[in-house]
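To keep things clear, I will list the structure first and then write my remarks on it.
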Amino acid sequence: MNEKEWKIISHLRKDAQCSLASISANTNIPISTVHDKTKKLQKDNTITRYTTLVDFKRLGFHYHTKIAIQISHHQRDDFLLYLKTRNCINSLFEVNGGFDVMIETLHRDIKEHLVFMEELHEAFEIIETKEFQIINPVLQESFNYHPNIHR
């Protein structure tokens with residue numbers, strides 16, 4: 001990836017709604033180049049989608065967790081399919097370190113969360129879980145790599 005593409009991605013990461021004209025003005029890259037590079041990055045799936053960061057507590061979701069789960073291997077595929085259908089799942093990752101998946105869940109309260117966890121344990125052979133309640137998101141989606149700058 002070249003420096004122009006990194007600059008464009010950096011601006012889109014800060015604000016996915018910023019205009020191509022704004023990116024052009026802030027980077028001194030011609031708007032036609034910004035347009036072409038953005039389309040290329042979308043076509044090759046470097047940019048997979050545009051999204052918005054949300055303060056979930058303001059929407060009434062006060063119980064926010066990350067949960068590492070080790071599942072019986074013969075149920076792994078069914079488990080992943082099941083998790084993909086659940087509205088409370090914000091993110092789903094395959095992981096290592098003795099666990100199979102890491103999920104990020106959002107619930108209105110702890111009771112709703114406990115019901116979800118009970119349903120998981122009843123439906124699947126869960127070997128182990130490690131749960132972390134998110135108290136305060138200090139930094140989110142801030143990765144901002146710049147080639148030639150080593151930090």
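A heavy-atom distance below 4.5 Å is not found between the side chains of Ile67 and Phe132. Using a 4.5 Å heavy-atom threshold, the side chains of Ile103 and Phe116 count as touching.
Atoms CE and CG, on Met102 and Leu92 in that order, are 11.0 Å from each other to the nearest 0.5 Å. The CD atom of Gln70 sits 4.5 Å away from atom CD1 of Ile127, with the distance rounded to the nearest 0.5 Å.
Ring orientation note: the planes of Phe56 and Phe61 are nearly perpendicular, at an angle over 60° on the 30°/60° scale.
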From CA spacing to verdict: side-chain contact (heavy atoms from CB on, under 4.5 Å), Glu128, Ile69: CA-CA 6 Å; Glu128 183 180 359; Ile69 303 171; over 6 Å; no
Ile23/Cys18 under side-chain contact (heavy atoms from CB on, under 4.5 Å): CA gap, chis, key distance, verdict: CA-CA 7 Å; Ile23 294 171; Cys18 66; 3.6 Å; yes
Pair Ile9-Met1, side-chain contact (heavy atoms from CB on, under 4.5 Å): steps then yes or no: CA-CA 11 Å; Ile9 287 174; Met1 189 172 323; 3.5 Å; yes
Verdict with supporting geometry, Lys66 and Thr105, side-chain contact (heavy atoms from CB on, under 4.5 Å): CA-CA 6 Å; Lys66 298 248 182 172; Thr105 68; over 6 Å; no
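A pairwise comparison of heavy atoms in Thr38 and Tyr50 identifies CG2-OH, 3.5 Å as the closest pair. Across all their heavy atoms, Phe79 and Val101 have their closest contact at CE2-CG2, 3.7 Å. In this structure, Gln133 and His62 approach most closely via the heavy-atom pair NE2-O, 4.2 Å. Listed here is the closest heavy atom pair of Tyr82 and Leu120: CE2-CD2, 3.5 Å.
In this structure a side-chain-to-backbone donor-acceptor pair under 3.5 Å is present from Glu112 to Arg108. Proximity of a side-chain donor or acceptor of Ser24 to a complementary backbone N or O of Leu20 within less than 3.5 Å is not detected. Of the possible donor and acceptor atoms, none in the side chain of Ser142 sits under 3.5 Å from a partner among the backbone N and O of Leu139. No donor-acceptor pair closer than 3.5 Å links the side chain of Gln42 to the backbone N or O of Thr48. Under the 3.5 Å distance criterion, the side-chain polar atoms of Ser19 are matched with a main-chain donor or acceptor of Ser22. Listed for the Asn2 side chain is a donor-acceptor partner under 3.5 Å among the backbone atoms of Lys4.
A 6.0 Å sphere centred on NZ of Lys130 holds no more than 12 heavy atoms belonging to other residues, nucleotides or ligands. Within 6.0 Å of atom CG in Asn87, 12 or fewer heavy atoms from other residues, nucleotides or ligands are found, so the atom counts as exposed in its surroundings. Annotation: Ile135, atom CD1; neighbour count of heavy atoms from other residues, nucleotides and ligands within 6.0 Å does not exceed 12. Shown here is His73, whose NE2 atom has no more than 12 heavy atoms of other residues, nucleotides or ligands within 6.0 Å.
Taken together through direct or relayed side-chain contacts under 4.5 Å among Ile, Leu, Val, Met, Phe, Trp and Tyr, Leu106 and Leu59 form part of one hydrophobic cluster. Residues Ile71 and Phe93 do not share a hydrophobic cluster, clusters being chains of Ile/Leu/Val/Met/Phe/Trp/Tyr side chains in contact below 4.5 Å. Linking Ile, Leu, Val, Met, Phe, Trp and Tyr whenever their side-chain heavy atoms come within less than 4.5 Å puts Leu41 and Ile31 in one cluster. In this structure, Ile110 is not a member of the same hydrophobic cluster as Val115, with clusters built from ILVMFWY side-chain heavy atoms closer than 4.5 Å.
Using a cutoff of 4.0 Å between basic side-chain nitrogens and carboxylate oxygens, Lys40 and Asp44 are scored as salt-bridged. Salt-bridge formation is detected for the pair Arg76/Glu94: a Lys NZ or Arg NE/NH1/NH2 atom is positioned less than 4.0 Å from an Asp or Glu carboxylate oxygen.
Between the side chains of Glu118 and His113, no donor-acceptor pair is found at a separation under 3.5 Å.
With sequence neighbours left out, Glu119 forms a salt bridge (Lys or Arg N to Asp or Glu O under 4.0 Å) with Arg86.
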